[in-house]
Amino acid sequence: MSERYDPKKIEEKWQGYWQERGIFEVKEDPSIPKYYCLEMFPYPSGNIHMGHVRTYAIGDVIARYKRMKGFNVLHPMGWDAFGMPAENAAIEHGVHPANWTDRNIASMKNQIKGLGFSYDWKREINTSAPDYYRWNQWIFIKMFKKGLAYKRRSSVNWCGSCETVLANEQVNDGRCWRCETEVIQKELEQWFFKITDYAEELLRDCDQLTGWPEKVLTMQKNWIGKSEGVEIDFQIKGSEKKLRIFTTRQDTLYGVTFMSLAPEHPIVSELVKETPCEKEVMNFIERAKRQGILLRTSAEIEKEGIFTGTYVINPLNGDEVPIWVANFVLMEYGTGAVMAVPAHDQRDFEFAKKYGLPIRVVIVQDNPPLSPFNNGGPRGIIGKGGEGGFEGAYEGEGIMVDSGPFTGLRTEEGKKRIASFIEKEGFGEKKVNYRLRDWGISRQRYWGTPIPILYCDRCGVVPVPENELPVILPMDVEITGKGGSPLARIESFLRASCPKCKGAARRETDTMDTFVDSSWYFIAYCFDKGNIDFKSAISYWMPVNQYIGGIEHAVLHLLYARFFTKVMRDLGLIKIDEPFTDLLTQGMVIKDGAKMSKSKGNVVDPNYLVETYGADTARLFSLFAAPPEKDLEWSDQGVEGAYRFLGKLWGLVSKYKERIDDLDGGIEFKELEGKGKSLYRKIHQTIKKVTNDIERDFHFNTALASLMELVNVMNSFEPESDTDLRVFRNAIETTLILLSPFAPHISEELWHALGHGESIALTKWPSFDEEAIKEDEVLVVIQVCGKLRGKIYLPANSDDRLIKESALKERKIAELIRGKEIKKIIVVKNKLVNIVI
RNA sequence: GCCGGCGUGGUGAAACAGGUAGACGCACCGGACUCAAAAUCCGGCGGGGGCAACCCCAUGUCGGUUCGACUCCGACCGCCGGCACCA
């Protein structure tokens with residue numbers, strides 16, 4: 001072997017070796033325990049970035065480690081290949097999205113292969129391949145038949161730049177998640193998946209996901225946004241009609257002083273029809289609609305409203321209260337109508353103040369601070385608007401007052417009693433509402449899965465028969481980025497015949513949201529390629545044991561994937577409830593204090609790293625600089641450090657190779673003494689440390705630190721006997737095995753250089769000998785009153801009496817405590833003694 | 001505003017179960033090798049004081065519990081992330 005470490009000479013060689021021998025290809029085998037390790041698959045943008053390297057390096061350590069631990073490890077890779085950038089490339093460079101995507105996949109695959117990850121490439125997936133997206137269509141049809149996919153006209157989020165609709169999850173702060181264009185509302189016919197049917201289960205099963213970060217679960221729970229309350233009908237005065245509202249604060253029903261309707265509420269125009277208010281109210285509504293949802297849902301905007309001239313009757317106390325239209329009420333949530341309780345809701349309070357509406361206190365704090373809301377404070381209707389010294393609404397819990405038969409109850413109890421009362425009297429019913437909306441999946445784009453639906457003038461909406469799948473995305477298309485869906489302009493695609501009546505039919509031209517593709521790809525990996533069966537393979541491999549990816553998918557992808565898993569379970573395709581047992585959300589890669597991005601010009605190109613230092617160094621640095629869940633601060637010098645470490649290890653093997661070539665590294669601890677014994681001890685301490693650090697939350701940084709320590713120890717080790725050399729060989733072999741999940745190429749190379757014939761990736765992970773780990777002598781710290789005052793070496797497991805005596809005998813300690821009364825001596829075995837005076 | 005996370009040397013970070021604060025790496029300083037430099041190797045490296053043995057201070061701030069607190073409790077400050085007229 002050469003004296004110098006030259007990664008270029010070895011890395012490609014071993015990548016080829018692994019590939020040719022199919023070392024990482026797996027088959028289901030019920031006699032071996034399985035482990036499914038998955039990293040979020042990439043969008044084929046053309047180049048990998050450091051974020052990819054980090055995620056895949058983390059996943060690869062886990063996969064290689066579990067393999068060496070004896071698991072049958074599924075570790076696949078694929079391409080999230082549909083999506084907008086391909087169309088943008090088509091518009092800008094005139095290249096077909098398919099060609100652009102395939103080219104990108106080819107070059108990214110090369111880059112990823114150059115990093116030596118242990119993927120089973122036989123299972124590679126490309127979501128833009130008809131073989132893949134036909135299953136999107138197949139599942140869609142199954143969902144359609146169950147009523148889980150449906151079409152409706154509604155107000156949807158529209159990104160003018162992407163010229164397409166977006167799901168709620170894909171709008172951040174009123175902007176498109178991809179291009180940050182401000183989203184507007186548009187009325188369109190759209191396909192939806194009925195994720196709201198699963199709202200309760202998606203929420204409830206969060207409790208099962210004990211291997212997920214709390215942060216992600218909180219975000220999912222917030223997004224689902226469950227709230228429990230009642231729907232109540234209020235009789236409209238002088239009309240047969242009733243107005244239905246939703247509230248979670250039925251305990252404040254006696255404090256209702258007006259009603260607020262969303263401007264879009266259909267009843268508004270009826271109420272004001274042919275009344276003196278009509279013109280004014282309709283003008284207000286027009287204005288509110290023009291404000292747009294973005295502005296109206298931002299908390300800063302002033303609350304505005306208008307009186308409709310009509311009244312409703314409070315079913316509990318018979319009060320007549322005015323109906324207003326208010327810009328802050330949303331049609332999409334609850335019933336689009338709200339009962340207003342200004343004393344106990346800040347928004348209603350502000351509204352009442354502005355328009356001089358009465359405020360009526362019905363809850364008082366039972367442990368009152370200084371405020372108008374104490375027991376001796378104002379009661380009943382206390383003035384209008386700002387009168388009465390109110391500074392704000394009291395939204396907390398307390399005791400109900402002036403609430404008829406419910407007066408004196410605690411809010412908690414009052415809520416229950418009033419809810420039951422309302423149901424008993426037929427005024428309304430208990431109701432659970434969710435913030436979660438159905439998932440709008442129609443996209444007016446080309447590069448996605450065609451929605452397999454036909455429109456027949458006679459038969460209406462007809463799904464494409466399963467045996468006619470896939471509906472192929474036509475290749476002869478002109479992509480301009482203008483004028484709606486490109487598919488709508490392709491006559492040959494549009495024209496079809498109705499499977500029912502054989503008459504002329506028209507195809508749906510929208511494609512599916514690309515999040516559909518990624519909602520079940522982890523299941524697709526379980527099939528042997530081209531051999532899709534929804535039975536044995538899946539039940540063996542699923543669920544994913546360890547899923548790894550960025551926090552940015554905390555709601556989007558991870559919620560959709562959970563939803564799909566449950567739908568596929570209910571379709572009888574799989575048997576699990578949740579797709580991902582453990583989830584690791586790794587931190588961002590940071591440079592100069594900001595996330596690496598092209599626009600900031602602070603990207604580090606992984607290609608350059610691999611060229612200059614090799615894949616092992618790139619991997620090692622990503623894993624050593626920070627624990628996986630934290631952000632990783634980029635450091636050029638840090639990379640140098642990782643490279644130096646590998647060089648040191650290489651030099652060590654090259655220096656000793658001849659002397660240890662024919663030796664047997666197998667050693668019995670009992671035969672050892674002196675330096676051989678202490679090196680052996682260090683070996684086993686390192687095995688323990690590395691194993692524990694991997695098992696405990698994948699803290700690879702500290703695992704690597706201990707491997708560096710071991711190498712440092714070896715570096716200063718001077719063997720004096722054959723036994724010493726045998727221990728030395730053992731130390732090197734162990735280091736190589738422990739390092740191999742992190743830096744597989746150099747480990748493999750040196751492993752073979754030492755005469756081994758089989759891949760190190762297939763070696764068994766070493767176990768450690770507890771006996772060998774124990775030190776003969778331990779350092780005992782001496783404290784006086786908790787302050788460090790000395791250190792002594794004592795035989796391990798010395799008894800308390802010996803520790804005390806030795807400590808007191810120490811010259812320095814004896815001086816410190818001379819003439820003082822010893823109150824107490826605390827001994828922590830093998831660690832510390834604290835003398836309290 | 002609400003929820004969650006995080007604050008440790010010059011720096012990335014360790015400290016797993018309340019028991020030596022700063023492992024390991026980087027940077028820096030000194031030395032060896034060299035005509036010289038790079039690479040490599042050896043040594044030092046939280047701050048302050050002392051000739052020295054040693055002493056004092058130090059994990060965002062202030063307080064508490066404890067023989068002993070980076071770790072537990074309370075209040076506050078700062079940074080990051082999520083949610084936010086959801087009735």
Side-chain angles (χ1 to χ4, degrees), chain A residues 4 172-173 213-223 225-227 229 245-249 252 260 262 296-301 303 326-330 332-341 344-348 350-351 433-436 551-552 554-555 590 620-621 624-627 629-642 644-645 647-648 651 689 692-693 695-697 699 701-709 711-712 715-716 779-791 811-812 815 823-837:
Chain A
R4 254 183 49 91
N172 301 326
D173 295 330
E214 199 54 45
K215 193 188 351 182
V216 175
L217 293 174
T218 308
M219 284 164 74
Q220 295 226 343
K221 287 179 195 163
N222 278 344
W223 190 261
K226 179 180 183 174
S227 62
I245 60 101
F246 172 72
T247 185
T248 57
R249 289 302 302 269
T252 62
S260 307
R296 271 176 53 203
T297 52
S298 77
E300 291 88 55
I301 195 169
K303 290 166 184 39
N327 64 342
F328 65 86
V329 180
L330 306 170
E332 295 85 56
Y333 188 80
T335 62
V338 199
M339 65 179 216
V341 186
H344 305 295
D345 182 286
Q346 187 60 24
R347 294 159 301 181
D348 296 341
E350 284 169 33
F351 197 83
N433 257 320
Y434 300 90
R435 214 186 70 109
L436 181 72
I551 186 77
E552 65 272 18
V555 175
I590 301 286
L620 208 60
F621 173 74
F624 177 65
E629 70 281 2
K630 281 186 107 177
D631 285 349
L632 182 151
E633 176 77 35
W634 186 260
S635 154
D636 292 332
Q637 290 97 334
V639 176
E640 292 272 357
R644 259 200 295 266
F645 167 69
K648 207 189 270 187
K689 174 85 176 136
N692 287 350
D693 284 350
E695 293 284 350
R696 169 182 64 99
D697 300 332
H699 278 199
N701 54 332
T702 49
L704 286 166
S706 67
L707 277 169
M708 290 176 181
E709 275 187 58
V711 170
N712 289 343
N715 232 348
S716 45
L779 181 70
V780 175
V781 168
I782 309 171
Q783 295 182 339
V784 177
C785 293
K787 292 206 179 244
L788 179 70
R789 286 294 124 103
K791 299 171 185 182
R811 191 170 46 82
K812 212 180 113 187
E815 262 169 48
K823 292 196 182 118
K824 188 151 66 160
I825 298 180
I826 293 132
V827 176
V828 182
K829 232 180 181 23
N830 293 334
K831 270 222 166 110
L832 167 146
V833 50
N834 187 8
I835 301 158
V836 187
I837 51 174

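Chain identifiers are assigned alphabetically (A, B, ...) following the order of the sequence lines, protein sequences preceding nucleic acid strands; residue numbering begins at 1 within each chain.
The base of B:rC6 has none of its N or O atoms less than 3.5 Å from a complementary donor or acceptor on the side chain of A:Lys630.
Taken to the nearest 0.5 Å, the CD1 atom of A:Ile590 stands 14.0 Å off from the OG atom of A:Ser635. Distance check: A:Lys226 NZ to A:Thr248 OG1 gives 13.5 Å after rounding to the nearest 0.5 Å. Between the CD atom in A:Gln220 and the NZ atom in A:Lys215 there is a gap of 13.5 Å [rounded to 0.5 Å]. In this structure, the separation between OG on A:Ser227 and CZ on A:Phe246 is 4.0 Å, given to the nearest 0.5 Å. Taking CD1 of A:Ile835 as the reference point, atom SG of A:Cys785 lies at 9.0 Å (rounded to 0.5 Å). Once rounded to the nearest 0.5 Å, the distance linking CD of A:Gln637 with CD of A:Glu640 reads 8.0 Å.
Applying the 4.0 Å criterion to OP1 and OP2 of B:rC86, one finds that A:Arg347 has a side-chain N or O inside that range. Between A:Arg789 and the phosphate of B:rC54, there is no side-chain N or O to OP1/OP2 separation shorter than 4.0 Å. A:Arg644 has a side-chain polar atom (N or O) that falls below the 4.0 Å cut-off from OP1 or OP2 of B:rC26. Applying the 4.0 Å criterion to OP1 and OP2 of B:rC86, one finds that A:Thr248 has every side-chain N and O outside that range. OP1 or OP2 of B:rC67 lies within a sub-4.0 Å distance of a side-chain N or O belonging to A:Lys824.
Per the geometry, CZ belonging to A:Phe246 stands 15 Å off C1' belonging to B:rC85, to the nearest Å. Look at CZ on A:Arg696: it is 9 Å from P on B:rA14, rounded to the nearest Å. With rounding to whole Å, A:Ile590 atom CD1 is found 16 Å from B:rA13 atom C1'. One atom, CG of A:Asp631, and another, C1' of B:rG5, lie 11 Å apart when rounded to the nearest Å. In this structure, A:Glu214 places its CD atom 8 Å from P of B:rG5, rounding to the nearest Å. For the pair A:Met219 CE and B:rC83 P, the interatomic distance rounds to 6 Å; values are reported in whole Å. Computed from coordinates, the A:Phe328 CZ to B:rA84 C1' distance equals 15 Å when rounded to whole Å. At whole-Å resolution of the value, CG in A:Asp693 and C1' in B:rA13 are 13 Å apart.
Contacts of A:Arg435 with the nucleic acid, taken as non-hydrogen atoms under 4.0 Å apart, include base atoms. Residue contacts shown for A:Lys689 include a base, since a base heavy atom lies under 4.0 Å away. Residue contacts shown for A:Val338 include a base, since a base heavy atom lies under 4.0 Å away.
As rounded to the nearest Å, B:rC62 and B:rG49 have C1' atoms that lie 27 Å from one another. Using P as the reference atom, B:rG60 and B:rA15 are 16 Å apart when rounded to the nearest Å. For the C1' atom pair drawn from B:rG46 and B:rG10, the interatomic distance equals 10 Å after rounding to whole Å. Spacing of P atoms, B:rC26 relative to B:rG18, comes out at 32 Å, to the nearest Å. Across B:rC45 and B:rA21, the matching C1' atoms stand 16 Å from one another, rounded to whole Å. Between B:rG1 and B:rC76, the two P atoms lie 12 Å apart (nearest whole Å). For the C1' atoms, the distance linking B:rC41 with B:rC33 amounts to 8 Å, nearest Å. Nucleotides B:rU34 and B:rC16 are separated by 47 Å at their P atoms, to the nearest Å.
With sequence neighbours excluded, the residues forming a salt bridge (charged side-chain N to carboxylate O under 4.0 Å, His left out) with A:Asp345 are A:Arg347, listed by chain and number.
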Q. Reading nucleotides 18-24 of chain B from the 5' end, what letters show protein touch, with B for base, S for backbone sugar-phosphate only, - for no heavy atom under 4.0 Å?
A. -BB--BB
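Taking 90° from 0 as the syn/anti boundary, the base of B:rG9 is oriented syn.
Geometrically, A:Lys303 does not engage A:Phe351 in a cation-pi contact, judged by NZ or CZ lying under 6.0 Å from the ring centre and within 45° of the ring axis.
Within residues 633-642 of chain A, the residues having any heavy atom closer than 4.0 Å to RNA chain B are, in order of number, A:Gln637, A:Gly641.
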Which pairs of donor and acceptor atoms, one on a side chain in residues 824-832 of chain A, lie under 3.5 Å apart (sequence neighbours left out)?
| unit_1 | atom_1 | unit_2 | atom_2 | d |
| --- | --- | --- | --- | --- |
| A:Lys829 | NZ | A:Ser798 | O | 3.1 |
| A:Asn830 | OD1 | A:Asn797 | N | 2.7 |
| A:Asn830 | ND2 | A:Asn797 | OD1 | 3.0 |

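In summary, the side chains of A:Asp693 and A:Thr702 do present a donor paired with an acceptor at a separation below 3.5 Å, with no hydrogens or angles considered.
Taking for each of A:Thr335 and A:Ile551 the nucleotide of RNA chain B with the nearest heavy atom, the 5'-most of the two is the partner of A:Ile551. With RNA chain B read from its 5' end, the first of the two nearest nucleotides for A:Ser716 and A:Leu632 is the one closest to A:Leu632.
A:Lys648 places no side-chain N or O within 3.5 Å of a backbone atom of A:Val711 that could act as its donor or acceptor partner. Side-chain atoms of A:Asp348 come within 3.5 Å of backbone atoms of A:Val341 as a donor-acceptor pair (strictly under, hydrogens ignored).
Across every non-hydrogen atom of A:His344 and A:Arg249, the tightest pair is O-NH1, 4.5 Å. Nearest heavy atoms, A:Trp223 versus A:Arg435: CE3-NH2, 2.7 Å. When all heavy atoms are compared, the tightest approach of A:Leu707 to A:Phe645 is O-CE1, 4.2 Å. Here the closest heavy-atom approach between residue A:Met219 and residue A:Ala554 is recorded as CE-CB, 3.5 Å.
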Could you pull out the protein-nucleic contacts involving nucleotides 43-53 of chain B (nitrogen or oxygen on both sides, under 3.5 Å)?
none

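Counting only Watson-Crick or G-U wobble pairs whose defining distances are both under 3.5 Å, the stems of 3 or more consecutive pairs in RNA chain B are B:1-7 with B:77-83, B:10-12 with B:24-26, B:28-32 with B:40-44, B:46-49 with B:54-57, B:60-64 with B:72-76.
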